[in-house]
Amino acid sequence: MKKWRIYLSAAIVVTTLGLGYYIISSNENTAIGEESHESVKQNISGSTKEELEQTDGAINEQNSDLQDGTDGDNSEEPVKMVDKEQAAKITNDLLTGLTETFKQLGIDYKWTSIKDSEYFKDHTEPDYAIAKPYFLKYATEEFSDETLQDILMDFYCHCDTKQSIPNLDFNVRSELIESKENQFVIKSISIINDLGNGGYTGYITVKYSNGSWKIDNWERVSYRDEPINITSQEYIKYLNSGDFGYHYKFIETIQMPSSDPSVKGNVDVHVFYSEREDLYYGIEANSTKLVRPRGYE
């Protein structure tokens with residue numbers, strides 16, 4: 001009987017110890033489980049309550065390996081919108097850069113479109129395959145293939161009377177015709193210079209492609225179809241941009257027959273006086289041509 005009491009006491013002790021171990025272990029697991037759950041919540045949201053509130057508990061896509069269904073190398077261009085000043089600067093820089101590229105290619109590769117000339121004996125004909133990669137910095141591929149390739153021969157004619165690339169006076173007049181996502185159309189004028197180039201309104205389409213703005217189209221409209229109608233203030237601004245406007249003074253605007261026989265009737269002529277030359281001269285408003293003003297001979 002005494003022996004059985006000893007066995008029973010031992011069993012009770014073992015049972016009690018086991019039960020105590022179970023309770024302690026259960027509490028520790030519960031605590032660990034709660035801590036693990038909080039850790040998961042924090043990892044999803046960025047580990048702070050504030051970020052959870054900002055993202056409504058959603059995964060931060062910037063820190064996630066999940067993809068939105070587009071290939072990183074072929075993702076859509078970021079949306080770009082411009083105002084008039086930005087569009088004018090972008091377009092002027094593109095046209096200037098393209099012009100300088102044409103010139104430098106001609107120097108480096110000794111290109112000419114004049115055949116059998118004693119002045120260009122060591123020159124060769126322009127090669128579009130060589131030029132194209134340089135053009136693509138300033139123009140879309142379609143525009144380069146269709147337009148720049150066509151003007152390649154004209155540009156290297158070594159004649160000042162041809163203006164293959166538009167030369168627009170954005171500092172005198174510019175108008176943003178259209179501005180939408182990754183594309184804009186800007187309008188400006190080309191004032192006739194000493195060589196007789198100019199006298200048209202230019203429309204330039206520019207697109208954002210492969211990380212930069214590029215020319216996608218240009219159109220020149222003659223003053224005969226779209227009169228420029230330059231103002232006296234605009235012409236003074238043009239003169240000042242050449243660092244010689246200080247010597248010129250606006251006198252008046254008069255009416256005179258057009259110097260162009262295809263333009264019927266009278267046109268406005270702005271009369272200016274040059275202090276440096278002690279000379280009066282006129283500028284036709286519709287064309288920007290230089291004329292001798294009537295009554296100031």
Side-chain angles (χ1 to χ4, degrees), residues 87-117 119-120 122-175 177 184-207 209 212-228 230 238 241-242 260 262 287-290:
K89 184 180 186 310
I90 290 169
T91 310
N92 186 64
D93 289 347
L94 288 172
L95 291 171
T96 301
L98 186 60
T99 301
E100 293 304 313
T101 297
F102 264 88
K103 290 179 180 179
Q104 193 60 47
L105 284 170
I107 294 172
D108 293 345
Y109 292 96
K110 295 184 177 180
W111 282 344
T112 182
S113 57
I114 302 175
K115 296 182 179 180
D116 303 323
S117 171
Y119 299 104
F120 304 103
D122 60 341
H123 283 51
T124 59
E125 189 172 288
D127 187 341
Y128 178 66
I130 293 175
K132 180 177 177 178
Y134 299 97
F135 292 165
L136 294 182
K137 181 179 179 181
Y138 305 100
T140 61
E141 185 166 13
E142 181 179 3
F143 181 70
S144 181
D145 289 342
E146 293 182 356
T147 302
L148 300 186
Q149 185 173 11
D150 288 342
I151 69 173
L152 198 62
M153 297 297 288
D154 285 343
F155 191 91
Y156 299 106
C157 70
H158 304 282
C159 46
D160 295 330
T161 57
K162 285 191 176 181
Q163 194 177 72
S164 303
I165 299 174
N167 182 26
L168 300 174
D169 297 290
F170 291 103
N171 60 316
V172 175
R173 184 192 298 177
S174 63
E175 180 181 349
I177 302 298
F184 65 83
V185 179
I186 191 168
K187 168 185 176 182
S188 186
I189 58 175
S190 179
I191 297 172
I192 294 177
N193 59 25
D194 294 340
L195 298 173
N197 296 318
Y200 57 82
T201 298
Y203 294 84
I204 313 294
T205 301
V206 181
K207 285 186 177 180
S209 175
S212 63
W213 291 103
K214 298 180 180 182
I215 299 170
D216 190 56
N217 186 55
W218 66 41
E219 180 183 0
R220 284 169 283 201
V221 183
S222 169
Y223 69 87
R224 297 182 182 90
D225 300 312
E226 183 177 342
I228 295 173
I230 194 169
Y238 166 72
S241 67
D260 186 341
S262 67
S287 66
T288 72
K289 282 184 178 182
L290 175 67

Could you verify whether a donor N or O on one side chain and an acceptor N or O on the other, from T201 and Y223, lie under 3.5 Å apart?
no
To the nearest 0.5 Å, how far apart are CD1 in I192 and CG in L195?
11.5 Å
Does R173 come within less than 4.0 Å of D169, counting only side-chain N to carboxylate O?
no
State the OG1-CG distance between T147 and N217, to the nearest 0.5 angstrom.
6.5 Å
What heavy-atom pair brings G198 and Q163 nearest, and what distance separates the two atoms?
N-OE1, 4.2 Å
Residue pair F155 / L105, side-chain heavy-atom distance below 4.5 Å
no
Without swapping roles, check the side chain of T288 against the backbone of I191 for a donor-acceptor pair under 3.5 Å.
no
Residues, nucleotides or ligands: over 12 heavy atoms within 6.0 Å of E142 CD:
no
4.5 Å side-chain heavy-atom contact, D260 and K289
yes
Does one side chain, of N171 or Y238, offer a donor that lies under 3.5 Å from an acceptor on the other?
no
Consider only side-chain N and O atoms of D216 and T205, and report whether a donor and an acceptor are under 3.5 Å apart.
no
Check whether any side-chain heavy atom of I90 lies under 4.5 Å from a side-chain heavy atom of F184, and answer yes or no.
yes
Hey, what do you get for OG (S144) to NZ (K137), rounding to the nearest 0.5 Å?
14.5 Å
Does D194, at its CG atom, have more than 12 non-hydrogen atoms belonging to other residues, nucleotides or ligands within less than 6.0 Å?
no
Does the side chain of K187 reach to within under 4.5 Å of the side chain of S174, using non-hydrogen atoms?
no
Ring-ring centroid check Y134 F102, cutoff 6.0 Å:
no
Kindly compute the distance separating OH (Y156) from CD1 (I114), expressed to the nearest 0.5 Å.
13.5 Å
Check the pair E219, Y200 against side chain to side chain donor-acceptor pair (under 3.5 Å), reporting the backbone distance first and the verdict last.
CA-CA 10 Å; E219 180 183 0; Y200 57 82; over 6 Å; no
Show your working on side-chain contact (heavy atoms from CB on, under 4.5 Å) between F170 and L95 and close with a plain yes or no.
CA-CA 11 Å; F170 291 103; L95 291 171; 4.0 Å; yes
Any side-chain heavy atom of N92 sitting closer than 4.5 Å to one from L168?
no
Under 3.5 Å, is there a donor on one side chain and an acceptor on the other for E125 and Y109?
no
Would you say E226 and Y203 are linked by a side-chain donor-acceptor pair, where the criterion is simply a distance under 3.5 Å?
yes
Is there a side-chain contact between L148 and I165, using heavy atoms and a 4.5 Å cut-off?
no
How long is the gap from CZ on F135 to OG1 on T140, to the nearest 0.5 Å?
13.0 Å
Can you confirm whether more than 12 heavy atoms, excluding those of K207, are under 6.0 Å from its NZ atom?
no
Within-4.5 Å side-chain heavy-atom neighbours: L94 and K214:
no
Would you compute the distance between atom CZ of R220 and atom CG of N167 and round it to the nearest 0.5 angstrom?
10.0 Å
Thinking salt bridges, do K132 and E141 make one under a 4.0 Å N-O criterion?
yes
